[in-house]
Amino acid sequence: MRKIVIALSVLMALTSCVSKKQYAALEAKNKETQDLLNSCTVKLNSCLEEKAGLAATAESYKAHNQDLISTSKDLTVLTTKGAENLEKSLESLKEKDLKISRLQDALTKKDSVTLALVTSLKGAVGINDPDIEINVEKGVVFISIADKLLFKSGSYDVTDKAKSVLAKVAKVVNDKPDFECMVEGHTDNVPYKSNGVLLDNWDLSVKRSTSIVRVLTNDLGVNPAKLIAAGRSSYVPLVANDTPDDRARNRRTRIVVMPKIDQFYDMIEKEMKKQSK
């Protein structure tokens, strides 16, 4: 309190010592200083707010950075596992590719074997006729002969022309003592008019088969024990019976040659060796 009284006394003394003009200048200077102080205070508060905001942002970035570090570690683990899985997948694909390659090689070999056997049989039969087809399925040889080469329409009597064709078939069968041969008769779907002996297409197909068997055994010397006679009527057509040409294709005799497996591959081996020379 004493200090305040002294200060007031000094101030009064000073006031009394200065002119009004000097006092006004000092008052203006004081106001200017006060305004500057107020402005600095505002700026300081703004800086403090900005600092607080930057600090919060820094903390956010720090937390985000930590998350990224954690994620990076997780990704490293995932990448390692992914690399292992990818390696396993690649190994699996290699195995599958190898299997596919082997299958393709087997199919190519099978096609070559089939072609070789068909070529061998065609060479043995010595026939190149569109009405005679030779193919191989699962080790069985099929020789299909159009009926127009064997019989007259509606007849089961074998023609003389047919005997020359059957002689070549007989040679193939006779050259392979252990082969068996099934002769299948096939008709179209036109109903057979009964003549008192044959009742229908079943009878006609079987009778044509037995006629072929008799020519092979009686005239061409094929062992009867190797032959099987069968009739399929119209129930196994090659094509729909819609046109005269298609019905003609379905009227056929199919000779099914069934070799023992060792002889089958022996034929293949011989033909493949012949083709490689």
Student: Linking directly or through intermediates, with side-chain heavy atoms under 4.5 Å: list the remaining ILVMFWY members grouped with Leu198, chain and number order.
Tutor: Tyr156, Tyr192, Val197, Leu204
Student: With side chains defined as the heavy atoms from C-beta onward, is the minimum distance between Pro237 and Asn241 less than 4.5 Å?
Tutor: yes
Student: How long is the span from the CG atom in Leu227 to the SG atom in Cys181, to the nearest 0.5 Å?
Tutor: 5.5 Å
Student: On a heavy-atom basis, which atom in Ala230 and which in Ser209 lie closest, and how many Å separate them?
Tutor: N-OG, 3.0 Å
Student: Under the salt bridge (Lys or Arg N to Asp or Glu O under 4.0 Å) rule, what pairs show up with a residue in residues 202-214, not counting sequence neighbours?
Tutor: Asp147-Arg208
Student: What pairs with Val206 under side chain to side chain contact (heavy atoms under 4.5 Å, CB included), at least two apart in sequence or on another chain?
Tutor: Thr210
Student: Which heavy-atom pair separates Ser205 from Ser233 by the least distance, and what is that distance?
Tutor: OG-N, 3.1 Å
Student: So how far is it from Leu216 CG to Lys163 NZ, rounded to the nearest 0.5 Å?
Tutor: 11.5 Å
Student: Supply the atom-to-atom distance Leu166 CG to Ile212 CD1, rounded to the nearest 0.5 angstrom.
Tutor: 4.5 Å
Student: Using salt bridge (charged side-chain N to carboxylate O under 4.0 Å, His left out) as the criterion, list what pairs up with Arg251, not counting sequence neighbours.
Tutor: Asp188
Student: Mind checking what makes salt bridge (charged side-chain N to carboxylate O under 4.0 Å, His left out) contact with Lys152, not counting sequence neighbours?
Tutor: none
Student: Arg249 and Leu238: which non-hydrogen atoms are nearest, and at how many Å?
Tutor: O-CD1, 3.7 Å
Student: Suppose we screen for side-chain hydrogen bond (donor to acceptor under 3.5 Å, both in side chains). Which residues come up paired with Asn201, at least two apart in sequence or across chains?
Tutor: none
Student: Go through Phe151 and Val158 one step at a time and tell me if the side-chain contact (heavy atoms from CB on, under 4.5 Å) criterion holds.
Tutor: CA-CA 5 Å; Phe151 309 102; Val158 180; 3.7 Å; yes
Student: Taking the side chain as every heavy atom from C-beta outward, state whether Ile255 and Ile145 have any pair of such atoms under 4.5 Å apart.
Tutor: yes
Student: What do the steps show when you test Thr253 against Val183 for side-chain contact (heavy atoms from CB on, under 4.5 Å), and what is the final call?
Tutor: CA-CA 7 Å; Thr253 296; Val183 181; 3.7 Å; yes
Student: With rounding to the nearest 0.5 Å, note down the distance linking OG in Ser144 to CZ in Arg252.
Tutor: 5.5 Å
Student: Could you work out, with side chain to side chain contact (heavy atoms under 4.5 Å, CB included) as the rule, every residue matching Ser234, not counting sequence neighbours?
Tutor: Thr187, Asn189
Student: Using a 4.5 Å cut-off between side-chain heavy atoms of Ile, Leu, Val, Met, Phe, Trp and Tyr, which other residues end up in the same hydrophobic cluster as Trp202?
Tutor: Tyr235
Student: Does anything in residues 237-258 form a ring-ring contact (aromatic ring centres under 6.0 Å, His included)? List the pairs, not counting sequence neighbours.
Tutor: none
Student: Output all residues satisfying side-chain hydrogen bond (donor to acceptor under 3.5 Å, both in side chains) with Thr243, sequence neighbours left out; order by chain, then residue number.
Tutor: Asp246
Student: Roughly how far apart are Thr217 OG1 and Lys226 NZ, rounded to 0.5 Å?
Tutor: 12.5 Å
Student: Would you say the side chain of Ile143 lies within less than 4.5 Å of the side chain of Glu133, judging by non-hydrogen atoms?
Tutor: no
Student: Locate the shortest heavy-atom distance separating Val173 from Val222; write the atom from each residue and the value.
Tutor: CG1-CG1, 4.1 Å
Student: Among residues at least two apart in sequence or on other chains, which ones pass side chain to side chain contact (heavy atoms under 4.5 Å, CB included) with Asp157?
Tutor: Ser155
Student: According to side chain to side chain contact (heavy atoms under 4.5 Å, CB included), who are the partners of Arg232, at least two apart in sequence or on a separate chain?
Tutor: Glu184, His186, Val236
Student: Evaluate the side-chain proximity of Lys171 to Leu220: yes if any heavy-atom separation is below 4.5 Å, no if none is.
Tutor: no
